[in-house]
Amino acid sequence: MNATEKLMNIDLSAEATAFGAAALRAFETSGGDALVQAAERDPGSRAAMVEPVLAGLGTWDLQPLQSPDDLEAAATLCRSAGWWALPYPIAERLARPSDLDIDGLIVIGDGRHAAAVSGLDFRWAATDLAGRRFAATPAPSNEPARTTQFVADLELTPLDAGPVLDVALGMVLSCWTLLGMLDRAMALARAHVLSREQFGQPLARFQGVQFQLTDAEVERVGAHELATHSLWSIAAKRADVLVDALALRLAVLEAAEAILRVSHQLHGAMGFCDESTLSWISRYSRPLRALPYGVSGTLEQLTRIAGRGGIAGLFNA
Amino acid sequence: MDYEFGPAADQLRSELRTLVQAHIPADFLGAFTDDPADLQTTQAFCRILAERGLLCLAWPEEFGGRGGSVWEQTVVREEMWAHHEPRGAQYMGVNWVGPTIMRHGTPAQRAQHLPAIAQGEVIWCQGFSEPDAGSDLASLRTTAHPDGDAWYISGQKIWTSYASMAQWCFLLVRTSREERKQQGLTIFLVPMADSAIEVRPIASMMGPHHLNEVFFDNLRVTADDVLGGVGNGWAIVQELLAFERVGIARYARCERLLHAAPAALGDEWDRLPSQLRERWMRMLVHARRARLLAYRVVSLQDAGRVRPQDAAAYRTAVTRLDQDSAAVLTEIAGYAHSTGEGERFCREVADHAAYSVAATISSGSSDMQRILLSRALLASS
């Protein structure tokens, strides 16, 4: 084996993968799909429902910016949370900066300052892409969670300037959560087309259906590769870590559009009924897809920040 | 995790770029032009690579290679395709004809063919597709009829790249009719200089000497020309595809041209519509995505765990990137100056755009890739 074979390693650690799998089971045991449904009925209950599970997993011992192993574990935890549309801002909580006495960090954009943090009694900070930090207080709202998906406007008070690494971490972990939702949407679509019969055969037999699924799957696996790459970028504290995070966000948002559209289409009317899990995954993916920037805003920010040099590649590294 | 190739591969990349700069004209766009000098350039470059052990870097040392790692092979693939494949037609011999002969060739076949490939002296073409056998390759009709101690091959191949410049053909033909059409197929290694073979070029937007029809009129072959045994052709074809799991590093040329765009346009870059600059950025993200998917396949291949669906997902992404980036680059090129660096950029983009049309068709159409991927996706778990 020569030097190059030793160095290139693009796999998550076995420990992180096992941790993600354990989290998936723990969330299932504690209620699985019923968690988000219960939280929608009673948003104030969601901390009590979720936090014991997170504590049991050792979530709050993770220090993603201090340890690459913890960073990978945090990512797989977020992904497993996404699978169940866990009604809890896990990425924001894991991204809390060590130099502020707060419970979580919210990345905000230029538009509406908001996050899916209503009904939780935490001390929040917010940061914009430039690293300007604010104390953030969720505004009370009487809107039902069914329409807000727990999103609350934030009242901001300027604090200081923080490291860009914190911004990247917050953005990347939320992408991992969204990726978990996309994993689930694909799994649901697959199961549906294998079982649902029309014209005397499962939908999966129709090539038109197969090709929709494959195109969505290519988006999913591509987003996974960028998500993994972004962890390395953070762990290596690369200078363009924010550009890498925005590149990931763009890819995951595009994947989300494609995958959720296909999953809904293949589910037919059942997909938007409350009795369908896809309906919940789809609805509760909205805050992650819109905040802090949607597709256009993310692309605009990426283009502005990266400038003429673009993103690092084979010909500009 | 670590996404760095490491010093050895970095040094290799640097060496390859130095060689390209020193030996390949700045306006080189591949071997398939009307200018015979371009073919000569590629032939000379292959010999230069061979002298340095770089042409067949991945091959075992006993066959003239230097046992390079999968990541070093990746570097070679990237640098060659990014710079318009200065190995010209020889990459086919290097990438899979040679390795297949290593595995299935007789001692005499190995001795005859492998040194010639390793020294950069021979061009191979692949006689697979036929007018009625494209994606459905096993339906091919070109047939070898046995007669005494020989066979006589008659039929037609089509879309045969490099046939007009090749000395040898890796030819898949039918030697018997069996229950399944995948049975009864055999590979012959045949010299293109035989008078029973006629090559007719097909004019195309990919270059005047790229595609060809090849007609076989009672070409005499013997048991010495059979590769891997009579009737084993289909299994060998499936196996050789494993050598080409990753295929062409299309993302590398996309990345190079995308990164070259701002400099090629100079001050004009800042006057581009903002939406076009954003589309450019989006393509850079998609190029990175395709590159990382390629690295996933390479990594799995290195561990002996690659599955057809992994390669299919990558190839679906990279061929789409090829065409999407060509569209964006073509629009950007419309703003370039018609002199100097701008003019060269426009020529490269035009060539990229022409080639990208074939990206979703050649080496297994994107539809076949999707079929492969959907089979895996929907298989019983």
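Within every chain, numbering begins at 1; the chains are lettered A, B, ... in the order of the sequence lines, protein sequences first and strands thereafter.
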Novice: Does a sphere of radius 6.0 Å around CG in B/Asp267 hold more than 12 heavy atoms from other residues, nucleotides or ligands, not counting ones at 6.0 Å or beyond?
Specialist: no

Novice: Hey, is A/Arg238 close enough to A/Asp244 for a salt bridge, meaning N to O under 4.0 Å?
Specialist: yes

Novice: Quick check for you: to the nearest 0.5 Å, what is the distance between B/Met281 atom CE and B/Leu276 atom CG?
Specialist: 12.0 Å

Novice: Of the backbone (N, CA, C, O) and the side chain (C-beta and beyond), which part of B/Asp310 lies under 4.5 Å from a heavy atom of chain A, both, or neither?
Specialist: neither

Novice: Please say whether the positively charged group of B/Arg271, taken as NZ for Lys or CZ for Arg, lies over the ring of B/Tyr335, i.e. under 6.0 angstrom from the six-membered ring centre and within 45 degrees of the axis.
Specialist: no

Novice: Out of A/His224, A/Gln207, A/Glu300, which one racks up the most heavy-atom pairs below 4.5 Å with chain B?
Specialist: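 The candidate making the most pairs under 4.5 Å is A/Glu300.
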
Novice: Would a line drawn from the ring center of B/Tyr295 to the ring center of B/Phe5 be shorter than 6.0 Å?
Specialist: yes

Novice: Rounded to the nearest 0.5 Å, how far does CE of A/Met8 lie from OG of B/Ser299?
Specialist: 8.0 Å

Novice: Heavy-atom distance under 4.5 Å to chain B: side chain of A/Ser233, backbone, both or neither?
Specialist: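 Contact with chain B: none, neither part.
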
Novice: So which of A/Ala236, A/Ala191, A/Gly310, A/Ser13 has the largest heavy-atom pair count under 4.5 angstrom toward chain B?
Specialist: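 Highest number of pairs under 4.5 Å: A/Gly310.
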
Novice: What part of A/Ile311 gets closer than 4.5 Å to chain B, counting heavy atoms only: side chain, backbone, both or neither?
Specialist: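 Both the backbone and the side chain of A/Ile311 come within 4.5 Å of chain B.
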
Novice: Quick one: which of B/Leu12, B/Thr316, B/Asp367 has the most heavy-atom pairs under 4.5 Å with chain A, could you say?
Specialist: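 Going by pairs under 4.5 Å, I would pick B/Asp367.
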
Novice: As an exercise: rank B/Gln369, B/Arg282, B/Arg277 by heavy-atom pairs under 4.5 Å with chain A and give me the winner.
Specialist: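 With the most close heavy-atom pairs to chain A, the winner is B/Arg282.
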
Novice: For A/Glu217, is it the side chain, the backbone, both or neither that has a heavy atom under 4.5 Å from a heavy atom of chain B?
Specialist: side chain

Novice: Please state whether the side chain, the backbone, both or neither of A/Asp69 comes within less than 4.5 Å of a heavy atom of chain B.
Specialist: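 Looking at A/Asp69, nothing touches chain B.
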
Novice: Can you see whether A/Tyr293 engages A/Asp110 through a side-chain donor-acceptor pair at a distance of less than 3.5 angstrom?
Specialist: yes

Novice: For A/Val193, is it the side chain, the backbone, both, or neither that has a heavy atom closer than 4.5 Å to a heavy atom of chain B?
Specialist: side chain

Novice: So what's closer than 4.5 Å to chain B heavy atoms on A/Leu194: side chain, backbone, both or neither?
Specialist: side chain

Novice: Checking B/Glu79 against chain A: side chain, backbone, both or neither under 4.5 Å from a heavy atom?
Specialist: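 The side chain, not the backbone.
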
Novice: Under 4.5 Å from any heavy atom of chain B, what part of A/Ala204 do you find: side chain, backbone, both or neither?
Specialist: both

Novice: Both conditions, 6.0 Å and 45 degrees, for the charged tip of A/Arg184 above the ring of A/Trp84: are they met here?
Specialist: yes

Novice: Using a strict threshold of under 4.0 Å (side-chain N to carboxylate O), is an ion pair present between B/Glu331 and B/Arg279?
Specialist: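 Yes.
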
Novice: Go through the atoms of A/Leu246 and report whether side chain, backbone, both or neither lie under 4.5 Å from a heavy atom of chain B.
Specialist: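 Neither part.
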
Novice: Can you say whether B/Leu258 sits under 4.5 Å from chain A via the side chain, the backbone, both, or neither, judging by heavy atoms?
Specialist: neither

Novice: For A/Gln265, I'd like to know if atom CD has over 12 heavy atoms of other residues, nucleotides or ligands within 6.0 Å.
Specialist: no

